[in-house]
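Accompanying notes for the structure given below.
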Amino acid sequence: MSHAPTPPASEEPLGALVHRLSEQIPELVRSELRLAQTELAEKGKRAGIGAGMFGAAGLLALFGAATLVATAVLALDLVLPAWAAALIVAAVLLAAAGVVALRGKKEIQTATPAAPERAIAGVKEDVAVVKGQH
């Protein structure tokens with residue numbers, strides 16, 4: 001089965017152009033979706049690698065901080081007994097943890113409830129305006 005040669009686009013009837021367009025649009029959409037899927041998969045892979053690197057950096061920073069804590073204990077050991085040096089460093093660390101925990105609790109309280117309150121109020125106001133109540 002052979003097709004007759006297609007006349008130039010300027011000579012094709014409008015109905016034929018619309019028909020051809022309606023056949024080509026689904027394939028175009030599918031190819032664009034495949035491209036988007038491939039692109040998102042590649043970006044997701046890169047984001048995963050980056051997140052893993054951030055995790056490794058956090059772990060190394062934790063080891064560095066632990067070494068600094070040990071250094072502080074050893075430095076205080078030069079002027080105090082070892083147990084006193086360790087106790088002082090532990091007390092300072094626990095106090096710092098308490099301060100950070102209280103600040104974190106305050107931040108969580110200001111963030112709750114999680115509903116976008118200003119946006120909800122704006123929508124309610126818009127509805128009232130549309131209903132003619134303002």
Side-chain angles (χ1 to χ4, degrees):
M1 173 170 148
S2 72
H3 290 4
T6 12
S10 59
E11 297 175 14
E12 277 189 78
L14 182 59
L17 286 173
V18 169
H19 177 71
R20 206 169 80 215
L21 182 64
S22 69
E23 289 176 342
Q24 292 174 349
I25 285 179
E27 181 55 36
L28 177 64
V29 169
R30 281 191 292 274
S31 67
E32 290 296 332
L33 286 174
R34 283 191 300 269
L35 175 64
Q37 183 180 19
T38 302
E39 186 178 349
L40 286 175
E42 182 179 321
K43 287 185 178 191
K45 180 180 176 184
R46 289 187 181 277
I49 290 170
M53 289 178 159
F54 271 123
L59 184 62
L60 291 172
L62 178 65
F63 290 157
T67 302
L68 286 176
V69 168
T71 303
V73 171
L74 292 174
L76 280 175
D77 183 40
L78 296 174
V79 292
L80 296 172
W83 67 268
L87 183 64
I88 290 171
V89 171
V92 169
L93 288 173
L94 290 172
V99 169
V100 171
L102 290 174
R103 293 281 314 264
K105 180 182 176 190
K106 182 179 174 186
E107 288 296 321
I108 288 174
Q109 286 174 340
T110 59
T112 54
E117 295 166 344
R118 290 182 290 175
I120 291 172
V123 168
K124 286 180 180 178
E125 185 177 327
D126 292 344
V127 169
V129 167
V130 168
K131 287 183 176 180
Q133 295 175 351
H134 271 232

(message) Working to the nearest 0.5 angstrom, can you tell me the gap between I88 CD1 and L93 CG?
(response) 12.0 Å
(message) Among residues at least two apart in sequence or on other chains, which ones pass side-chain hydrogen bond (donor to acceptor under 3.5 Å, both in side chains) with E27?
(response) R30, R34
(message) Through direct or indirect side-chain contacts below 4.5 angstrom among Ile, Leu, Val, Met, Phe, Trp and Tyr, which residues connect to M53?
(response) I49
(message) Side chains of I108 and K105, heavy atoms from C-beta outward: is any pair under 4.5 Å?
(response) no
(request) Enter the distance from T71:OG1 to D77:CG here, rounded to the nearest 0.5 Å. (result) 12.5 Å
(request) Say whether L33 and L28 are linked into one hydrophobic cluster, either directly or through other cluster members, by side-chain heavy-atom distances under 4.5 angstrom. (result) no
(request) List for me each residue that meets salt bridge (Lys or Arg N to Asp or Glu O under 4.0 Å) alongside R103, sequence neighbours excluded, and say none if there are none. (result) none
(request) Please identify each residue that fulfils salt bridge (Lys or Arg N to Asp or Glu O under 4.0 Å) with K45, with sequence neighbours left out. (result) none
(request) Taking side chain to side chain contact (heavy atoms under 4.5 Å, CB included) as the test, write out the residues that go with V73, two or more places apart. (result) A85, A86, V89
(request) Find out if a path of hydrophobic residues (ILVMFWY) with successive side-chain heavy-atom gaps under 4.5 Å connects V69 to W83. (result) no
(message) Just to verify, what does L21 make a side chain to side chain contact (heavy atoms under 4.5 Å, CB included) with, not counting sequence neighbours?
(response) I25
(message) Distance check, rounded to the nearest 0.5 Å: Q37 atom CD versus E39 atom CD?
(response) 12.0 Å
